[in-house]
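For reference, the structure is listed below as structure tokens.
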Amino acid sequence: MKTNDKKTNAKRDKEVTISGTKLQLTNLDKVYFPKEGITKGEIIDYYRKISRYILPYLKNRPQSLNRHVNGITQPGFYQKDMDTDKIPEWVHTEQLYSKSNEAYIDYLICNDTATLVYMANLGCIEINPWHSVYDNPDYADYLIMDLDPGKISFEAVVETAQIIHDICNELKIPSFCKTSGATGLHIYIPTGKRYDYDQVKLFAELIATVTNQRLPAITSIERAVAKRKDKIYVDFLQNRKGQTIAAAYSARPKPGATVSTPLLWEEVKPGLDPKAFTIYTIFDRLKEKGDLWKGVLRKSFDLEKALMKLQKLV
């Protein structure tokens, strides 16, 4: 990747060329993380450096832009529909139907470093792709179990993740875990675009049900916060068309500039600290362990056979 930079303002703005594409970066000295003093420019630099690792998990996926243009202490907003008359011609968009908008909208597609940097310049501290690709939107690449804790220890989240791992092993299906970059964990089960969202969501609901049966004291599948109280919400409803979640290697708009980081299952144990994975520590980890997320897009399983086994566990 050839990159040439031309400074237009030493502190605030800079024109860059990434693989032949010119971008105007703005307000680079704006502080996004006040406590740490991390600037917009540092977030953009992070995405330039991490691009070869994160891009495989963004390719051809519609993006829901989570924009924090004034940093993490100010309210952000989501943007799905791109104004194709105002964005650069080289930015790839695809028109897809949005159920929540009840209309066809122009989604941004991020397939290269220039687009990733463009998104970061718009204030996207966090990158949120669909679970399916735009040319096969009804078939997810993976099932997601999102462990969302209330006021409960992270050790309980780890215990819950390992129970889901046990269930997957019993079903002889692959599973991968990553930090959410916040207080939870994400477990991905690759489905290889073989099953539609309704099938995947049903399977995820059954896994959540078995998990809750095995850990009723600390988990819940109740969506309403008042009903589940401080237990860990085993969220299977992520498995719907158009839903998004922070991608592997995405930074998060959280204190410390944490990163949603793939883990080895043997790392998912008491003492695991999600705050240890940041935009500064991730690169040494990648040098040591490489990309632990590759199997998510390469593996799959026979859902019908697994479903028969799973129904016996419920």
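FYI, side chains are in, hydrogens and waters are out, and symmetry mates aren't considered; it's all heavy atoms of this structure.
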Is there side-chain contact between Tyr97 and Lys241, with at least one heavy-atom pair below 4.5 Å?
no
Would you say Ile152 and Ile221 are hydrophobically clustered, going by side-chain heavy atoms of ILVMFWY under 4.5 Å?
yes
Do Trp293 and Tyr46 belong to the same hydrophobic cluster, where Ile, Leu, Val, Met, Phe, Trp and Tyr are linked whenever their side-chain heavy atoms lie under 4.5 Å apart, directly or via other members?
yes
Aromatic plane relationship, Tyr107 with Trp130 - under 30° parallel, 30 to 60° tilted, over 60° perpendicular:
perpendicular
Say whether, by atom type as modelled, one donor and one acceptor occur between the side chain of His92 and the main chain of Asp112 under 3.5 angstrom.
no
Between Arg214 and Asp166 (salt bridge meaning N to carboxylate O under 4.0 Å), is one present in this structure?
no
Test of understanding: clusters of I, L, V, M, F, W, Y form through side-chain heavy atoms closer than 4.5 Å, transitively. Do Val296 and Leu286 belong to the same one?
yes
Would you say the side-chain atoms of Asp196 pair up with the backbone N or O of Asp198, donor to acceptor, closer than 3.5 Å?
yes
Can you give me the closest heavy-atom contact between Asn239 and Ala204, atom names plus distance?
ND2-CB, 3.4 Å
Would you say Ser132's side chain and Pro137's backbone share a donor-acceptor pair under 3.5 angstrom?
yes
Do Thr26 and Lys40 come close enough that some side-chain heavy atom pair is under 4.5 Å?
yes
Tell me yes or no: between the side chains of Tyr188 and Asp141, is some donor less than 3.5 Å from an acceptor?
no
Report yes or no: does Gln79 contribute a side-chain atom to a donor-acceptor pair with the main-chain N or O of Phe77 at less than 3.5 Å?
no
Give the C-alpha distance, both sets of side-chain angles, the deciding distance and a yes or no for side chain to side chain contact (heavy atoms under 4.5 Å, CB included) between Val157 and Phe154.
CA-CA 5 Å; Val157 181; Phe154 189 70; 4.0 Å; yes
State yes or no: do Leu303 and Ile164 share one hydrophobic cluster built from I, L, V, M, F, W and Y residues joined by side-chain heavy-atom distances below 4.5 Å, directly or via other members?
yes
Between Asn60 and Asn136, is the side chain to side chain contact (heavy atoms under 4.5 Å, CB included) condition met? List the steps.
CA-CA 10 Å; Asn60 293 335; Asn136 196 9; over 6 Å; no
Apply side chain to side chain contact (heavy atoms under 4.5 Å, CB included) to residues Gln243 and Tyr197 and explain how you reach the verdict.
CA-CA 11 Å; Gln243 289 290 109; Tyr197 276 101; over 6 Å; no
Give a yes or no answer on whether the side chain of Ser260 reaches the backbone of Thr179 with a donor-acceptor pair at less than 3.5 Å.
yes
Taking atom NZ of Lys309 as the centre, report whether more than 12 heavy atoms of other residues, nucleotides or ligands fall under 6.0 Å from it.
yes
Indicate whether the side chain of Thr219 and that of Asn212 have a donor and an acceptor atom separated by less than 3.5 Å.
yes
Is there a path of hydrophobic side-chain contacts, each under 4.5 Å between heavy atoms of I/L/V/M/F/W/Y residues, joining Ile189 to Leu313?
yes
Tyr195 and Phe301 aromatic ring geometry - parallel, tilted or perpendicular at 30°/60° bounds:
tilted
Given the rule in the side chain to side chain contact (heavy atoms under 4.5 Å, CB included) test, do Cys110 and Met119 qualify, once you have shown the distances and angles that lead to the verdict?
CA-CA 9 Å; Cys110 181; Met119 292 172 66; 3.8 Å; yes
Is a side-chain N or O of Glu36 found less than 3.5 angstrom from the main chain of Gly256, in a donor-acceptor match?
yes
